[in-house]
Amino acid sequence: MANNNSGKITIANIIAIVGLVLLLVFSFLGHSYLSGGELGWDIIVSLAVTAFTAFLLWFMIKAKGAERDLGTWRIIEYVTLGIYIVVAIPLSLFCGIMHFFVVNDNKEIIKQYAEADLQKIESVFTDYKNFEENAISITGTGLRNATGIGQICDASLKEFMDANHIQHTRESANNFETIQRNMLIESGYKALYDSYTQQQNEIKNSINSWSIVQIPMKAKLIEELATSTEKELNSLAEKAKLPTITYDINSRSYTIGEYQKKAFAIQGGIDSFKFRKALKEADGFSLTAIFIVLLIHILILINYIVAYRTSNLGINKHSIEAVSYTHLTLPT
């Protein structure tokens, strides 16, 4: 490129910028699959790879266009080019781009892991609802029996009924059962489950359509949903006041039995989830990745290839002495 183009935006500059943008985008996507959606690190790594590549390009062009000490700058230029080929190209390939294409080549298998992980969360909701509905029914039945005409409640049961404003009537027992059902199943549980269902549908839509930008974030979201589901359901279950109420033959009265409680957890724990793990640990080789990386770096290096190189000869002490010597004339 002619030296008089210095300082102007050229077609080669634009092509290099396109290459750098593609490098940034694919590095970000690839590393997001490697990290499982850790957005902060994905941005840092992709910017670092792109900035390093851009610096090497700038330095090669600067060395190529040097006007003085041409021998030294030529060495610097070729050393930098060697670093670009040996370091920058493999770095961009193995910091995520290769991984990105490997994952996408196996997406149909990986999709199944997402479905299985979501089903585990669904199972916790089902387990909670079945358990609490059954517990509510047991407590309600016991209270109705204990508050029937002529039935006697012992001191422990009377204390429980007084603490929860339950009168010695079946209507009051029914009201208490309704309150527990509304809190544990209707309002509290339903709000939590509706929120989960909405997010679940969004996740499924993104995965089924394989939205390459959203996939890593959705994988992370699945695990976050599992954690929050366990926490919220157990917190809700702690509010339950659902003892078993049994009839004591010896005292001929109804008494409080054990409270019905259960810890709700993902089967196998969060560590058993496979979708995000599959995104992070997928291994293999992709020719498409090699082609894309080479194409990106060809676009970037075009700016270096057509960059200006001085046509001046290098001037130094030895060349001056040589020129002076050739102009000496012998005496006649």
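For the single chain, residues carry numbers from 1 onward in sequence order.
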Within a reach of under 6.0 Å around [atom1] of [X], are more than 12 heavy atoms found that belong to other residues, nucleotides or ligands?
{"X": "Glu202", "atom1": "CD", "answer": "yes"}
{"X": "Glu133", "atom1": "CD", "answer": "yes"}
{"X": "Lys190", "atom1": "NZ", "answer": "no"}
{"X": "Phe291", "atom1": "CZ", "answer": "no"}

Taking every non-hydrogen atom, the tightest pair across [X] and [Y]:
{"X": "Leu279", "Y": "Pro216", "value": "CD1-CA, 4.1 Å"}
{"X": "Ala146", "Y": "Gln151", "value": "O-CB, 3.3 Å"}
{"X": "His168", "Y": "Cys153", "value": "CE1-SG, 3.6 Å"}
{"X": "Ala135", "Y": "Leu242", "value": "CB-CD1, 3.7 Å"}
{"X": "Phe285", "Y": "Val102", "value": "N-CG2, 3.9 Å"}
{"X": "Tyr308", "Y": "Glu67", "value": "OH-OE2, 3.1 Å"}

Separation of [Y] [atom2] from [X] [atom1] (nearest 0.5 Å):
{"X": "Lys280", "Y": "Glu38", "atom1": "NZ", "atom2": "CD", "result": "7.0 Å"}
{"X": "Arg144", "Y": "Arg170", "atom1": "CZ", "atom2": "CZ", "result": "8.0 Å"}
{"X": "Leu70", "Y": "Glu77", "atom1": "CG", "atom2": "CD", "result": "10.5 Å"}
{"X": "Thr246", "Y": "Ile138", "atom1": "OG1", "atom2": "CD1", "result": "12.0 Å"}
{"X": "Leu294", "Y": "Leu299", "atom1": "CG", "atom2": "CG", "result": "11.0 Å"}
{"X": "Leu301", "Y": "Leu81", "atom1": "CG", "atom2": "CG", "result": "7.0 Å"}

Any ring-ring contact (aromatic ring centres under 6.0 Å, His included) pairs touching residues 31-51, not counting sequence neighbours?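 Applying ring-ring contact (aromatic ring centres under 6.0 Å, His included) to every pair that reaches into residues 31-51, excluding sequence neighbours, yields Tyr33-Phe100.
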Any side-chain heavy-atom pair from [X] and [Y] closer than 4.5 angstrom?
{"X": "Phe125", "Y": "Phe264", "answer": "no"}
{"X": "Tyr254", "Y": "Thr147", "answer": "no"}
{"X": "His297", "Y": "Ser92", "answer": "yes"}
{"X": "Gln200", "Y": "Ile222", "answer": "no"}
{"X": "Ile266", "Y": "Glu230", "answer": "yes"}
{"X": "Tyr304", "Y": "Tyr84", "answer": "no"}
{"X": "Phe176", "Y": "Met161", "answer": "no"}
{"X": "Ile97", "Y": "Ser27", "answer": "yes"}

Spell out, yes or no, whether [X] and [Y] are grouped together once hydrophobic residues are joined by side-chain heavy atoms under 4.5 Å, including indirect joins.
{"X": "Met183", "Y": "Tyr259", "value": "no"}
{"X": "Leu91", "Y": "Leu34", "value": "no"}
{"X": "Ile136", "Y": "Ile179", "value": "no"}
{"X": "Val124", "Y": "Tyr113", "value": "yes"}
{"X": "Ile17", "Y": "Leu24", "value": "yes"}

Listing, residues 47-62 side-chain donor-acceptor contacts under 3.5 Å, not counting sequence neighbours, or none:
residue : atom : partner : partner atom : Å
Thr50   : OG1  : Ser46   : O            : 2.8
Thr53   : OG1  : Val49   : O            : 2.9

Modelled atom types, side-chain donor and acceptor of [X] and [Y], under 3.5 Å:
{"X": "Ser137", "Y": "Asn134", "value": "no"}
{"X": "Ser253", "Y": "Ser251", "value": "yes"}
{"X": "Thr139", "Y": "Gln260", "value": "yes"}

Using a 3.5 Å distance criterion without hydrogens, assess whether the side chain of [X] forms a donor-acceptor pair with backbone atoms of [Y].
{"X": "Lys120", "Y": "Ile270", "value": "no"}
{"X": "Asp117", "Y": "Lys274", "value": "yes"}
{"X": "Thr229", "Y": "Leu225", "value": "yes"}
{"X": "His99", "Y": "Ser32", "value": "no"}
{"X": "Ser187", "Y": "Asn182", "value": "yes"}
{"X": "Glu258", "Y": "Thr244", "value": "no"}
{"X": "Asp154", "Y": "Ser156", "value": "yes"}
{"X": "His165", "Y": "Ser172", "value": "no"}
{"X": "Ser195", "Y": "Leu192", "value": "no"}

Apply the side-chain hydrogen bond (donor to acceptor under 3.5 Å, both in side chains) test between Tyr193 and each candidate in Glu122, Lys129, Gln198; give the one that qualifies.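 Option passing the side-chain hydrogen bond (donor to acceptor under 3.5 Å, both in side chains) with Tyr193: Glu122.
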Check the angle between the aromatic planes of Phe26 and Phe101 and answer parallel, tilted or perpendicular using the 30° and 60° thresholds.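 Phe26 and Phe101: parallel rings.
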Mind running side chain to side chain contact (heavy atoms under 4.5 Å, CB included) on Thr10 and Val306 for me, showing each step along the way? CA-CA 10 Å; Thr10 65; Val306 303; over 6 Å; no
When you check the gap from the basic side-chain N to the acidic O, do [X] and [Y] get nearer than 4.0 Å?
{"X": "Lys158", "Y": "Asp162", "value": "no"}
{"X": "Lys262", "Y": "Glu132", "value": "no"}
{"X": "Glu224", "Y": "Lys231", "value": "no"}

Working for side chain to side chain contact (heavy atoms under 4.5 Å, CB included), residues Leu39 and Phe28: CA-CA 9 Å; Leu39 185 60; Phe28 171 78; 3.6 Å; yes
Decide side chain to side chain contact (heavy atoms under 4.5 Å, CB included) for Ile83 and Val79; before the verdict, give the C-alpha distance in whole Å, the side-chain angles of both, and the deciding distance to 0.1 Å. CA-CA 6 Å; Ile83 294 172; Val79 168; 4.2 Å; yes
Where do Ile110 and Phe275 land on the side chain to side chain contact (heavy atoms under 4.5 Å, CB included) test, with the steps shown first? CA-CA 6 Å; Ile110 295 175; Phe275 181 55; 3.4 Å; yes
